[in-house]
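These numbers were taken from a predicted model, which means no experiment stands behind them. Each ligand, and each atom within it, is numbered from 1 in the order the structure gives.
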Amino acid sequence: MTSTPEETAPYGTGPAAAAPTPVRRIRTHHLREMKERGERFAMLTAYEQYAAQTFDEAGVEVLLVGDSASNNVYGNETSLPVTVDELLPLTRAVSRSVKRSLVVGDLPFGSYQRSPEQAYDTAVRFMKEGGAHCVKLEGGREMAPQIELMTRGGIPVMAHIGFTPQSEHALGGYRVQGRGDTASRILDDAHAVQDAGAFAVVMEMVPGDVAGQVTKELTIPTIGIGAGPDCDGQVLVWQDAFGLRTGKMAKFVKQYADMHGVLLEAARSYAAEVKDGSFPGPEHTF
Ligand code: KIV
């Protein structure tokens, strides 16, 4: 018996149905070459298939399956509770859904800090089970041994310095890092992660002039979030940037859309039509 399209794909077309045009995948060395040419690149978080496909199609070079899934998918207040086992299926969904973007798996709190070996083992899971192309971890100088072991073992590592949300309690809350005479700590951390072998570094909530100085001094690309316009790339959490999340936003967030408003309106119309009997109409009825 032959199946109808409705029977084979009732709720969506899935990644297998994506257009077969060959596309050149973004590799870590492409980001470095972009820095050398003075070209900026974009990074967004992504945690599932359709957002990942859309951002990939839009030309966003890097997709981060961030531990911010803790707040943006799993409903926690901070990034601390999310586990490797919770992030791996999201990483797999994103890596299966992209044709071009570089997919970064974010190592969650407690999965890499204990030792370089622990970091290596966790990163291997993100690459084997999650299909990530590389991993990200938080920390500067103190993470150099982890970065060295992973890069020696063939795992590209993106570092993350400045304000590191997993250390929120140790840092005394959400606050800009590297102001005044603590700027040298940011520079030291940036050089340490580059020397250890990181292929890029995220700088979060760092004064713009400090981030600009780091970007000038490093040969690896810098990616800013609340670090001003002089970084080589920028990253935002997509639910913040496109307005799916409502409420108070950090100063560094720009909202490009009102996804919450669009969904709210659509959901209200749907519920109203179900209640008044106008959906489903004859055109939706077999
Ligand atoms: O998990 C995340 O979303 C991040 C970005 C804020 C860089 O680490």
Side-chain angles (χ1 to χ4, degrees), residues 31 41-48 51-52 55 60-84 86-88 90-91 93-95 101-113 119 122-123 126 130 132-140 143 147 157-168 171 173-178 186 189-190 193 198-206 211 214-215 220-228 231-242 244-245 248-255:
L31 302 182
F41 59 87
M43 171 163 143
L44 279 173
T45 60
Y47 315 102
E48 45 78 33
F55 304 156
V60 175
E61 282 86 0
V62 188
L63 296 185
L64 170 68
V65 188
D67 63 350
S68 51
S70 184
N71 334 36
N72 294 307
V73 174
Y74 288 110
N76 298 309
E77 274 194 13
T78 72
S79 62
L80 295 183
V82 81
T83 65
V84 170
E86 286 172 325
L87 286 182
L88 283 175
L90 310 186
T91 310
V94 170
S95 61
S101 305
L102 182 79
V103 176
V104 187
D106 207 7
L107 306 188
F109 178 60
S111 74
Y112 62 93
Q113 288 93 342
T122 306
F126 271 84
H133 307 139
C134 54
V135 298
K136 177 169 86 59
L137 54 67
E138 294 186 6
M143 283 298 134
I147 298 170
V157 181
M158 178 181 283
H160 182 158
I161 62 172
F163 177 72
T164 45
Q166 292 175 17
S167 307
E168 178 193 333
L171 294 172
Y174 270 71
R175 47 175 68 171
V176 175
Q177 305 292 308
I186 302 291
D189 280 338
V193 297
F199 75 87
V201 58
V202 170
M203 285 188 280
E204 181 163 352
M205 298 217 303
V206 169
V214 170
T215 302
I220 60 171
T222 62
I223 303 161
I225 174 161
C231 299
D232 300 303
Q234 296 290 331
V235 56
L236 286 174
V237 169
W238 86 257
Q239 288 89 343
D240 296 349
F242 304 148
L244 186 58
R245 184 168 80 82
K248 196 171 177 314
M249 293 290 151
K251 175 182 162 76
F252 56 76
V253 173
K254 176 171 175 180
Q255 284 201 317

| request: Begin with the C-alpha distance, continue with both residues' side-chain angles, and end with the deciding distance and a verdict on side chain to side chain contact (heavy atoms under 4.5 Å, CB included) for Ile223 and Phe41. | output: CA-CA 9 Å; Ile223 303 161; Phe41 59 87; 3.7 Å; yes
| query | Can you check side chain to side chain contact (heavy atoms under 4.5 Å, CB included) on Glu48 and Val94, steps first, answer last? | reply | CA-CA 5 Å; Glu48 45 78 33; Val94 170; 5.7 Å; no
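For the residue pair Ser68 and Ser79, no side-chain donor N or O sits within less than 3.5 Å of a side-chain acceptor on the partner. There is a side-chain donor-acceptor pair under 3.5 Å between Gln166 and Asp67.
Looking at residues two or more places apart in sequence or on another chain, you find no ring-ring contact (aromatic ring centres under 6.0 Å, His included) involving Tyr112.
Within the 6.0 Å centre-distance limit, the rings of Phe55 and Phe242 are counted as a close aromatic pair.
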Just list the N/O pairs, ligand 1 to protein, that are under 3.5 Å apart, with the distance for each.
{"unit_1": "ligand 1", "atom_1": "1 (O)", "unit_2": "Asp67", "atom_2": "N", "d": "3.2"}
{"unit_1": "ligand 1", "atom_1": "1 (O)", "unit_2": "Asp67", "atom_2": "OD1", "d": "2.8"}
{"unit_1": "ligand 1", "atom_1": "1 (O)", "unit_2": "Ser68", "atom_2": "N", "d": "3.1"}
{"unit_1": "ligand 1", "atom_1": "1 (O)", "unit_2": "Ser68", "atom_2": "OG", "d": "3.1"}
{"unit_1": "ligand 1", "atom_1": "1 (O)", "unit_2": "Asp106", "atom_2": "OD2", "d": "3.1"}
{"unit_1": "ligand 1", "atom_1": "3 (O)", "unit_2": "Ser68", "atom_2": "OG", "d": "2.5"}
{"unit_1": "ligand 1", "atom_1": "8 (O)", "unit_2": "Lys136", "atom_2": "NZ", "d": "3.0"}

